[in-house]
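These figures come from a predicted structure and were not determined experimentally.
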Amino acid sequence: MKLSSLPFSLSFNKTKATSVVVVMTAERVVLVYQQAERWVQAETRFSDHYNAGALKTLLQQQGLQQCAVTLVLGRSLYQGLDIDVPSLPESEWEQALPFLIQEWVPWSVSDTFAGVLSPLPQERLHIVATEKSRLFGWVTELQDAKCRVEMITVEEAVWGLSTDDSGRCLVLEQSPHQGWLLSAYRHQHWCFQRQLRGISAFSSLSQSNLLTALDNLALEIQRSLDFLTTQFRDTPIRRVFVLCEPETTELVVSTLVASLNVSIEVYSVPDGITDDHDTRLAMLLLQSPFSPHFQFPFHALFPKRALLSLPVVMSVFLGSLAMMTAIWGMGQWLMMEQNKEFAHWQHQVGTVQEALRMEIKRSALSSEEQEKNYQLAKLAASIVEKQQKLSVLQAHTDDFQEGYATVFQQLASTDMRDVSIQNLVFSGHNMTVTGIARHADSVPQWVATFSQYSTLSGRCFDQLTLGRNEHNALTFQLQANAS
């Protein structure tokens, strides 16, 4: 019987947007993606341990850049554990898990990266843990290859995509390292796994022993179905997906169809790529319309930047110092510009006055009195206008020459133990001070100290207003001008 003639076969046609799935195992790296309606598979193998840079090199050999990469960890790269539900808020589980499982994993607490794969009955959790430094190295290689990490998940979570979000199913898997595994999924969440022991590799058995092994396999699956039926009473399991070697798939499926009263389905991969365990895993993730329920929070691999570190504090300090220096320099430049303008207007006034004297002298020698009077009136009006401009400019120039820095320094030197300044406004020689006082007589006492300072002693205080704000604090407003 050919595989194509089997009663059930699972084959997806709908594909996601362009993306790359990388399956990492202890022996190799498998890369699968779609290019121009054609599926492409590439891999690299290593003998003893992972060769640093192998993932980056494989991506570069395929010319893949600016693509979304999903990293799938094979079972040999992580460890599964069942623990009691921690008596902590769920938001703190991510930080607490490495400490809770440190006795059962070979990595240190700081090098353990763990997450909750699925909740279990009786207040239990199934945890998956892996080595953080190794995972960080792979993510770094992906970034160096100019690829974006879309998600990091594990093999058990991907097989859960065999069914829709509301169904239940069994996945019979011939694992390269653990023999036959039977896993149960509920709403695409892993909830049960059993290793079927005592079943040898079919390729090494005789015909009679092969039939016996197939019967034993069907019997073990039926026992698991009976057990899980008592657990999932609301919805029984009606589908079993078979994942085994291509040369034995037809024989296994035909045996299970004859022995079990459930739907038996197999995976088919597109032509042109190798049909093996890791490739099926990648194709299921690429072609399924769903996403795995479990994903490692890979953003936590990168250390958070300390905002109060010495370099950051020094940068803020130097930036503030540079800004203050720029403001002081702008003030000095404005003062120089005002002095230049004042000198220019003084020169203009002197020129006009000299012209007026010359005009008067010429007018005295002129016989036309009417023209002389007209010119005199015109010059006099010009002088008055320019003197008015000069007086206004003189007032502003005096303010700039005096400089507000001295006023601020002398105000800061006064005794302000009972007074707090909130607002300070200068308008020419006028000064308005707004603030909060401890007592009503604190303001007069404070003003009395102005006589000790040159920029404050000559001011006449016309008005003092006292009041209360919304916090019942005593407020004051003091208006003063230069005498």
Side-chain angles (χ1 to χ4, degrees), residues 12 14-25 28-34 39-43 50 54-56 58-59 62 64-80 90-91 93-95 97-98 112-119 125-165 171 183 185 187-190 277-304:
F12 295 104
K14 180 180 179 181
T15 61
K16 296 181 179 179
T18 302
S19 60
V20 178
V21 172
V22 176
V23 180
M24 306 291 300
T25 66
R28 64 173 183 165
V29 178
V30 178
L31 181 149
V32 180
Y33 64 98
Q34 189 177 25
W39 291 103
V40 180
Q41 177 196 24
E43 67 174 78
Y50 175 78
L55 177 57
K56 177 182 176 181
L58 185 61
L59 289 167
Q62 297 297 316
L64 295 173
Q65 291 185 356
Q66 308 298 331
C67 57
V69 176
T70 298
L71 200 61
V72 181
L73 304 185
R75 288 192 180 91
S76 58
L77 298 180
Y78 62 91
Q79 185 173 342
E90 189 172 348
S91 60
W93 287 1
E94 181 181 332
Q95 290 77 20
L97 286 178
T112 300
F113 201 53
V116 179
L117 176 63
S118 178
L125 298 175
H126 186 70
I127 307 299
V128 290
T130 186
E131 188 177 1
K132 181 185 291 187
S133 58
R134 179 168 53 186
L135 201 59
F136 177 78
W138 292 334
V139 173
T140 304
E141 286 188 33
L142 290 174
Q143 293 179 342
D144 292 342
K146 300 180 180 180
C147 294
R148 176 175 58 86
V149 182
E150 186 173 13
M151 75 174 76
I152 301 177
T153 185
V154 295
E155 184 174 336
E156 271 89 354
V158 177
W159 292 134
L161 303 178
S162 305
T163 182
D164 55 32
D165 195 35
V171 175
S183 303
Y185 291 88
H187 304 305
Q188 297 184 349
H189 287 272
W190 180 96
H277 179 275
D278 297 331
T279 305
R280 294 172 186 170
L281 186 67
M283 290 301 303
L284 176 60
L285 184 57
L286 281 169
Q287 295 183 311
S288 173
F290 306 102
S291 296
H293 280 277
F294 172 78
Q295 300 178 19
F296 274 117
F298 62 91
H299 296 290
L301 293 171
F302 299 92
K304 297 182 179 179

Approximate separation, where rounding is to 0.5 Å, of F290 CZ and L284 CG: 11.0 Å
Donor-acceptor pair, side chain of Q34 and main chain of W39, under 3.5 angstrom: no
T25 side chain to G74 backbone, donor-acceptor under 3.5 Å: no
Under the side-chain hydrogen bond (donor to acceptor under 3.5 Å, both in side chains) test, residues paired with W190 that sit two or more places apart: none
Rounded distance [0.5 Å steps], CG in L59 versus CG in L142: 6.0 Å
Distance-minimising heavy-atom pair for L125 and P119: CD2-CA, 3.9 Å
Minimal non-hydrogen separation, R75 against S183, with atom names: NH2-OG, 4.4 Å
Interatomic spacing from SG in C147 to CD in E141 - rounded to 0.5 Å: 11.5 Å
Nearest heavy atoms of L77 and T130, plus distance in Å: O-OG1, 2.9 Å
Step-by-step side-chain contact (heavy atoms from CB on, under 4.5 Å) determination, L71 to L135: CA-CA 10 Å; L71 200 61; L135 201 59; 4.3 Å; yes
Working for side-chain contact (heavy atoms from CB on, under 4.5 Å), residues V22 and W138: CA-CA 11 Å; V22 176; W138 292 334; over 6 Å; no
L64 side, atom CG; K146 side, atom NZ - distance, nearest 0.5 Å: 13.5 Å
Test item: Y50 side-chain N/O and L55 main-chain N/O as donor-acceptor pair under 3.5 Å: yes
From L73 atom CG to E131 atom CD, the distance as rounded to the nearest 0.5 Å: 11.5 Å
From CA spacing to verdict: side-chain contact (heavy atoms from CB on, under 4.5 Å), L31, Q41: CA-CA 6 Å; L31 181 149; Q41 177 196 24; over 6 Å; no
Q65, CD atom: more than 12 neighbouring heavy atoms under 6.0 Å: yes
Minimum heavy-atom distance between A157 and F294, given as atom pair plus value: CB-CB, 4.0 Å
Verdict with reasoning, R28 to D278, per side-chain contact (heavy atoms from CB on, under 4.5 Å): CA-CA 10 Å; R28 64 173 183 165; D278 297 331; 3.0 Å; yes
Straight-line distance of Q295 CD to E150 CD, nearest 0.5 Å: 8.0 Å
Donor-acceptor side-chain pairing of Q62 and Y33 below 3.5 angstrom: yes
T112 side-chain N/O to P98 backbone N/O, donor-acceptor pair under 3.5 Å: no
Partner of V158 under side chain to side chain contact (heavy atoms under 4.5 Å, CB included), chosen from T153, V23, V21, T70: T153
Near-ring test H293/W159, centroid separation under 6.0 angstrom: no
